[in-house]
Amino acid sequence: MKLRFPLKEFQQMETPFYYYDMSLLDATIKAIKKEIKDLPYEVHYAVKANGNPTILKAIAAHGLGVDLVSGGEIAAALEAGFKPSGMVYSGVGKTDREIIQGLEAGIYSFNVESIPELMVINQLAQERGLVAPVSIRVNPDIDAHTHRYITTGTAEDKFGINIEMLAAAVQTANSLPAIHLRGLHFHVGSQITQMKPFAMLCESVNTLLDYFDRHDISFEIINVGGGLGIDYDMPDVNRIPDFQHFFDTFRRNLKLREGQELHFELGRSIVAQCGSLIARVVYVKENRNKKFVILDAGMTDLIRPALYEAHHVIQNLTSQDTASDTYDVVGPICESSDVFGKDERLPVSHRGDIFALRSAGAYGESMASQYNMRRLPGTYFDE
Ligand code: LLP
């Protein structure tokens with residue numbers, strides 16, 4: 001089903017802005033809830049994907065938990081109505097102030113990424129007469145075969161604790177007076193479209209659980225992070241990711257222990273397809289061998305193409321022209337990487353046409369900047 005954009009309204013609006021299809025967001029979350037309803041599974045929405053307050057409120061209303069990475073995100077999640085009992089907090093560099101913020105909010109778990117961090121959390125909790133719930137983030141050394149900038153689970157990455165150091169970390173956690181060790185945390189990477197890395201992760205977790213069983217150590221939860229990818233090439237065909245296949249992979253491969261819960265931290269797969277960046281053509285320009293469509297949106301509004309060589313489907317929503325032409329679609333920023341698409345086949349385009357960059361709901365608005373002293377993009381919520 002093709003997304004129908006309210007073009008008439010777009011034409012009255014100042015561009016660029018993010019358009020959010022809230023009914024698609026709703027349908028996406030319902031699809032997740034349907035898959036996990038009879039399972040001891042909990043999904044935490046990764047706020048970093050999109051922290052817009054309206055989006056957060058809509059997700060909170062469904063009762064999902066949240067995965068947070070900063071004090072700012074803790075505050076935004078509380079403000080949006082997420083319950084502290086569903087909050088997990090990751091990050092290799094949590095500051096004292098942020099840890100205190102998490103402790104005072106009473107979050108469900110700190111995903112701890114190093115022994116020094118564990119020590120600091122213990123001390124800060126002890127000083128306040130609190131006990132900090134934590135999960136230890138394990139680096140499973142799995143190559144998710146995704147873009148080199150968004151792989152996080154290999155041994156060379158800065159994230160988590162290496163498997164060979166895990167037993168010692170668990171022992172330390174269990175010996176600290178103000179730490180309550182809830183479980184183990186993993187995350188192998190992002191935009192993963194094959195189930196193989198997730199199945200490999202399940203194998204690693206099984207091996208670790210067997211090991212800890214032998215040492216009489218058990219965990220309340222296993223948190224396998226996020227990473228489920230979306231279809232950037234066909235956003236209208238695959239509007240909702242294949243959550244059934246994803247959760248089935250864990251259900252079939254992971255041997256959870258009696259009473260153990262499985263937690264997930266999904267970001268992109270929840271919000272990517274419901275958002276599009278809407279922009280206007282400022283100029284159509286012709287150089288010797290090339291035609292350029294110059295938009296009023298640039299890498300400051302959507303940095304993924306410039307940063308990760310990512311491609312978002314580009315549509316001219318205005319032009320009814322059946323004739324087409326080949327354009328490089330670029331932004332106005334003074335950087336040569338400010339390109340959304342090269343050699344794009346599009347209807348003949350004109351100044352003033354409205355363009356949509358699809359699948360931009362995740363890591364779009366949340367990564368926008370004001371470089372070149374630009375305004376941040378606006379928003380439009382379609383109920
Ligand atoms: N949990 C942890 C510990 C993470 O580091 C991440 C994402 C997630 C969960 C959520 O992953 P997701 O389900 O969204 O794949 N800016 C990049 C993506 C960075 C992902 C960072 N970590 C992009 O635009 O592709």
Side-chain angles (χ1 to χ4, degrees), residues 28-29 32 42-51 55 59 64-70 73 77 87-94 108-114 117 134-140 142 144-154 157-161 183-195 197-198 201 221-232 241-243 246-247 250 262-275 277 299 301-312 340 357-369:
T28 305
I29 298 173
I32 293 177
E42 188 162 336
V43 173
H44 304 266
Y45 166 62
V47 170
K48 66 170 87 66
N50 191 321
I55 300 277
I59 298 175
L64 296 194
V66 263
D67 164 39
L68 309 161
V69 291
S70 73
E73 288 192 356
M87 293 182 180
V88 296
Y89 177 18
S90 310
V92 294
K94 302 177 190 79
Y108 177 75
S109 183
F110 289 89
N111 292 334
V112 170
E113 310 232 9
S114 67
E117 181 192 333
V134 309
S135 303
I136 293 181
R137 178 162 179 185
V138 187
N139 186 326
I142 290 170
H145 296 292
T146 178
H147 192 280
R148 63 187 183 284
Y149 292 156
I150 50 180
T151 167
T152 42
T154 69
D157 294 315
K158 69 179 174 183
F159 303 100
I161 289 174
L184 301 178
H185 173 231
F186 305 80
H187 174 75
V188 286
S190 201
Q191 184 52 19
I192 300 170
T193 49
Q194 303 291 319
M195 290 303 120
F198 296 122
L201 173 60
I221 63 154
I222 297 299
N223 180 339
V224 287
L228 176 62
I230 61 131
D231 191 341
Y232 279 101
D242 190 350
F243 291 115
F246 175 70
F247 289 114
F250 289 92
L262 187 59
H263 290 225
F264 298 84
E265 300 168 345
L266 295 175
R268 185 188 323 260
S269 53
I270 297 180
V271 288
Q273 296 294 30
C274 79
L277 177 62
M299 62 190 281
D301 307 292
L302 177 63
I303 202 175
R304 303 193 68 258
L307 198 55
Y308 314 119
E309 298 151 3
H311 185 259
H312 291 253
F340 289 124
L357 287 127
R358 303 291 306 277
S359 317
Y363 307 109
E365 193 185 347
S366 64
M367 294 180 81
S369 78

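Note that ligands are numbered from 1 as they come in the structure, with each ligand's atoms numbered from 1 the same way. Predicted model only: the values in this text are computed from it and were never measured. These values consider heavy atoms only, across backbone and side chains, with no hydrogens, waters or symmetry-generated copies. Residue numbers start at 1 and run along the sequence shown.
- Interface atoms of ligand 1 facing L266, defined by a heavy-atom separation under 4.0 Å, are 13 (O).
- Between the side chain of H187 and the main chain of G226, a donor-acceptor pair closer than 3.5 Å is present.
- A salt bridge links K94 and E117; the closest N-O separation between the charged side-chain nitrogens and carboxylate oxygens is under 4.0 Å.
- When the options R304, H187, R268, Q191 are ranked by their closest heavy atom to atom 11 (O) of ligand 1, first place goes to H187.
- In terms of polar-atom proximity, defined here as any N/O pair under 3.5 Å, Y308 does make such a contact with ligand 1.
- Between S90 and ligand 1, no pair of N/O atoms sits closer than 3.5 Å.
- Close approach to G226 involves these atoms of ligand 1, each under 4.0 Å from a residue heavy atom: 9 (C), 13 (O).
- Contacts between A46 and ligand 1 below 4.0 angstrom, taking non-hydrogen atoms only, involve the side chain exclusively.
- For ligand 1, the polar-atom distance check finds an N/O of G267 within less than 3.5 Å of one of the ligand's N/O atoms.
- Interface of M367 with ligand 1, defined as ligand atoms under 4.0 Å from a residue heavy atom, comprises 16 (N).
- Within the structure, the closest approach of G227 to ligand 1 falls below 4.0 Å when heavy atoms are considered.
- Contacts with ligand 1 closer than 4.0 Å are made by no heavy atom of L307, backbone or side chain.
- Residue contacts with ligand 1: E265 is placed with a nitrogen or oxygen under 3.5 Å of a nitrogen or oxygen of the ligand (distance criterion only).
- No hydrogens or angles considered: a donor-acceptor pair under 3.5 Å links the side chains of R268 and S190.
- With hydrogens and angles ignored, the 3.5 Å screen pairs no side-chain donor or acceptor of S135 with any backbone N or O of H185.
- No side-chain donor-acceptor contact under 3.5 Å links S109 to the backbone of V88.
- Checked by atom type and distance alone, the side chain of Q273 pairs as donor or acceptor with a backbone atom of D231 at under 3.5 Å.
- Looking at Q191, its side chain does come within 3.5 Å of a backbone N or O of I230 through a donor-acceptor pair.
- At least one donor-acceptor pair closer than 3.5 Å links the side chain of H312 to the backbone N or O of R358.
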